[in-house]
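Written out below as structure tokens is the structure these notes cover.
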Amino acid sequence: MAAGDLAGKFQEEVTCSVCLDYFMDPVTLGCGHNFCRGCISQCCGELEPNVSCPQCRETALQRNLRPNRQLGNVVELVKQLRLQAGREPEGQRVCERHQEALKLFCEENEAPISLVCDRSRVHRDHTVVPVEEAVQDCKKQIWSNLESLKEKREMLQGLKCAWEQESERLLRQTALERQLLVFQCKGVRQVLEKHEHILLARLRDLDTEIVRRREENVARLCKETACLSTLIMELEGKCQQQDISSSVSRGEIMSLHPARKFPELAKRIRDFRGENKLQEALTRSLERLDAESGFRRVRAHAVDVTLDPGTAHPNLILSEDRKRVRVGDRRQHLLDNPERFNTSISVLGLEGFTGGRHYWEVEVGDKTSWDLGVCRESVRRKGKVTLTPGKGYWALCLRDGEYKACISPLIPLPVRVCPRRVGVFLDYEAGEVSFYNVTDRSHLFTFIHTFSRTLRPFFSPCVNARGTNATPLILCSVPAQT
């Protein structure tokens, strides 16, 4: 008999046929079969006088159950031998209870078990698979969980990066608002100080004039008082000499003058109250400061814009750095690709915008006509082009000395100072395209729309009529805000 079979037979002899585990406190029935004392008690009940052998069904008195100490000692020896044998394989784990190798895996208990454990009541109805299969299934699950965790980690890292960028953007906005607040408060203080100095100077002039008039009157009254005093003394002397006629005539000559008033000074004080229009001055100043702050606010979103030569009309000549565009004398031989304008003297910016805020400036100089703005990337490039929002264009133009918003019909724009440089601001989410006169830092016009497609900068230097419109359009760098 092989050693493995012998070990299996030996294992069966020390195993209870009821619990399929090593004997615990073994007892022997009259028929000679051995069982755990606890197993017999559970099968027949502790209060029952008779017991029935689970193997041969022979009946015996429960009080006649005899402890089998020799079998118990053998069981302990077998356990120790199993423990030693379990330690010999290359680090193989063994069952602490049965000292058997853990070759099976119980899916219900999620734990490795031995062959003996599998035959016990505890695991009898459980799903059991070989450890090797369980390990492979576990590895697959671990790899699946690992991939999921890696994806979540990448997502969290992306969120972290996005939040860092968003926080930096918000911090730049708060820094700009802080600068603008300081700028506005400084401007208000300057207006107040200037107004205060002007008004205080006027009041000082009034004070000086009043004091001068008062001193003149005091001097005149003092002179007249001295004359009267002299006359009084003279008359008193005549009275003593009793020269009546002469004294009477001299007394009649002197007459009192009424106190002088200064109506023109009182009028100047009343006029000062009307001139002290501090509230109006503050209102005008705040309006100017608000306009300046709005201009600085949009300028903080400056971007670098370049011209796209693939969209330029064949008559347009672009500079090497793609920052200037002018109308040439003749039509160039260029590929008539779908993106190129073939009738409208126009060119698009290379950059496309699908969100955010973007600002750029264009020097128009002394040009007599031009078109500037924003358009959809999908606008028509061939044939006649109509610059209206309905056709995908949000633009301003200069024609015949008038600045107009390109809406049907055209809207003339009041301009105090002719712009030599024009700023274009796109707020995609707010649906706004605004134009600014950089020369006097004033707002020109704002289009309102809901955007859902890619937008690109739009430029047209227009035709050069008899050489009067030869000046190029120049994309300018915007200085950093301070």
Side-chain angles (χ1 to χ4, degrees), residues 165 169 172 176 294-313 315-327 337 339-341 344-365 367 369-379 381 385 387 389 392-398 403 405-406 419-439 441 443-447 449 451-462 471-481:
Q165 292 177 353
R169 185 183 70 83
R172 286 195 298 269
L176 174 62
F295 179 71
R296 293 191 178 199
R297 193 174 282 112
V298 301
R299 239 184 175 195
H301 300 281
V303 294
D304 185 29
V305 174
T306 54
L307 301 171
D308 182 3
T311 64
H313 184 278
N315 279 76
L316 293 179
I317 299 176
L318 276 59
S319 62
E320 186 176 352
D321 61 359
R322 299 177 184 176
K323 293 291 186 179
R324 297 168 175 253
V325 56
R326 65 181 179 85
V327 181
N337 54 294
E339 295 80 16
R340 190 180 304 281
F341 290 94
S344 174
I345 310 294
S346 305
V347 60
L348 298 185
L350 186 63
E351 294 73 21
F353 306 119
T354 57
R357 298 171 179 175
H358 314 277
Y359 175 84
W360 59 93
E361 292 181 355
V362 183
E363 184 174 325
V364 296
K367 290 183 67 63
S369 61
W370 47 257
D371 303 324
L372 294 175
V374 171
C375 70
R376 291 196 192 100
E377 189 174 45
S378 58
V379 291
R381 315 285 177 87
V385 171
L387 300 183
Y393 291 88
W394 295 268
L396 253 58
C397 68
L398 170 62
Y403 300 90
C406 296
R420 297 188 61 83
R421 183 181 293 191
V422 176
V424 184
F425 177 62
L426 166 64
D427 190 336
Y428 194 99
E429 282 74 21
E432 296 181 357
V433 178
S434 301
F435 296 85
Y436 292 86
N437 181 350
V438 181
T439 305
R441 309 168 87 84
H443 172 256
L444 294 173
F445 190 78
T446 294
F447 290 92
H449 193 78
F451 302 123
S452 59
R453 305 177 188 176
T454 302
L455 302 179
R456 295 175 67 176
F458 169 77
F459 312 90
S460 176
C462 295
T471 305
L473 292 177
I474 304 173
L475 290 171
C476 307
S477 60
V478 179
Q481 297 295 305

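Note that these values count all heavy atoms, side chains included, but never hydrogens, waters or copies made by symmetry.
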How close do [X] and [Y] get, heavy atom to heavy atom, and via which atoms?
{"X": "Y359", "Y": "V298", "answer": "CB-O, 3.4 Å"}
{"X": "T446", "Y": "H443", "answer": "OG1-NE2, 2.6 Å"}
{"X": "A312", "Y": "L318", "answer": "CB-CD1, 3.9 Å"}
{"X": "R453", "Y": "S378", "answer": "NH1-OG, 3.7 Å"}

Check your understanding: Among F451, F435, Y428, which one satisfies ring pair (Phe, Tyr, Trp, His ring centres under 6.0 Å) with W394?
Key ->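 Going through F451, F435, Y428 one by one, the ring pair (Phe, Tyr, Trp, His ring centres under 6.0 Å) with W394 is satisfied by F451 alone.
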For residues [X] and [Y], determine if any side-chain heavy atom of one lies less than 4.5 Å from a side-chain heavy atom of the other.
{"X": "V327", "Y": "L316", "value": "yes"}
{"X": "I474", "Y": "V362", "value": "no"}
{"X": "L475", "Y": "L307", "value": "yes"}
{"X": "F445", "Y": "S434", "value": "no"}
{"X": "L455", "Y": "L426", "value": "yes"}
{"X": "F425", "Y": "V433", "value": "no"}
{"X": "C406", "Y": "Y393", "value": "no"}
{"X": "R326", "Y": "P461", "value": "no"}

Once you round to the nearest 0.5 Å, how far does [atom1] of [X] lie from [atom2] of [Y]?
{"X": "R441", "Y": "F295", "atom1": "CZ", "atom2": "CZ", "answer": "5.0 Å"}
{"X": "S346", "Y": "R340", "atom1": "OG", "atom2": "CZ", "answer": "12.5 Å"}
{"X": "T471", "Y": "W370", "atom1": "OG1", "atom2": "CH2", "answer": "13.5 Å"}
{"X": "S344", "Y": "L387", "atom1": "OG", "atom2": "CG", "answer": "6.5 Å"}

Review point. With sequence neighbours left out, what residues match P419 under side chain to side chain contact (heavy atoms under 4.5 Å, CB included)?
Key: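 So P419 forms a side chain to side chain contact (heavy atoms under 4.5 Å, CB included) with Y403, V415, V422, N437, T439.
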Side chain of [X], backbone of [Y]: donor and acceptor closer than 3.5 Å?
{"X": "R357", "Y": "D427", "value": "no"}
{"X": "K323", "Y": "V305", "value": "yes"}
{"X": "S460", "Y": "I345", "value": "yes"}
{"X": "D371", "Y": "F459", "value": "no"}
{"X": "E351", "Y": "R456", "value": "no"}
{"X": "T311", "Y": "L348", "value": "yes"}
{"X": "E377", "Y": "G352", "value": "no"}

Check your understanding: Is the NZ or CZ atom of R381 positioned over F341's six-membered ring, under 6.0 angstrom from the centre and within 45° of the axis?
Key ->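 Cation-pi check for R381 and F341: passes.
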Exercise for review: Might you work through the salt bridge (Lys or Arg N to Asp or Glu O under 4.0 Å) test for R299 and E361, ending with a clear yes or no?
Suggested key: CA-CA 9 Å; R299 239 184 175 195; E361 292 181 355; 2.7 Å; yes
Check your understanding: When you check the gap from the basic side-chain N to the acidic O, do D308 and R322 get nearer than 4.0 Å?
Key ->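 Here D308 does not pair with R322 in a salt bridge, since their nearest N and O are not under 4.0 Å apart.
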Review point. Can you list the steps and then say if V374 with F458 is a side chain to side chain contact (heavy atoms under 4.5 Å, CB included)?
Key: CA-CA 5 Å; V374 171; F458 169 77; 5.9 Å; no
Point to revise | Derivation and outcome, side chain to side chain contact (heavy atoms under 4.5 Å, CB included), residues V478 and V303 | key: CA-CA 8 Å; V478 179; V303 294; over 6 Å; no
Review point. Looking at H358 versus F353, is the centre-to-centre ring distance below 6.0 Å?
Key: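 Ring-ring flag for H358/F353: true, centres closer than 6.0 Å.
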Exercise for review: Could you pull out all residues at least two apart from H313 that satisfy ring pair (Phe, Tyr, Trp, His ring centres under 6.0 Å)?
Suggested key: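 Testing H313 for ring pair (Phe, Tyr, Trp, His ring centres under 6.0 Å), a comparison that skips the adjacent residues, returns none.
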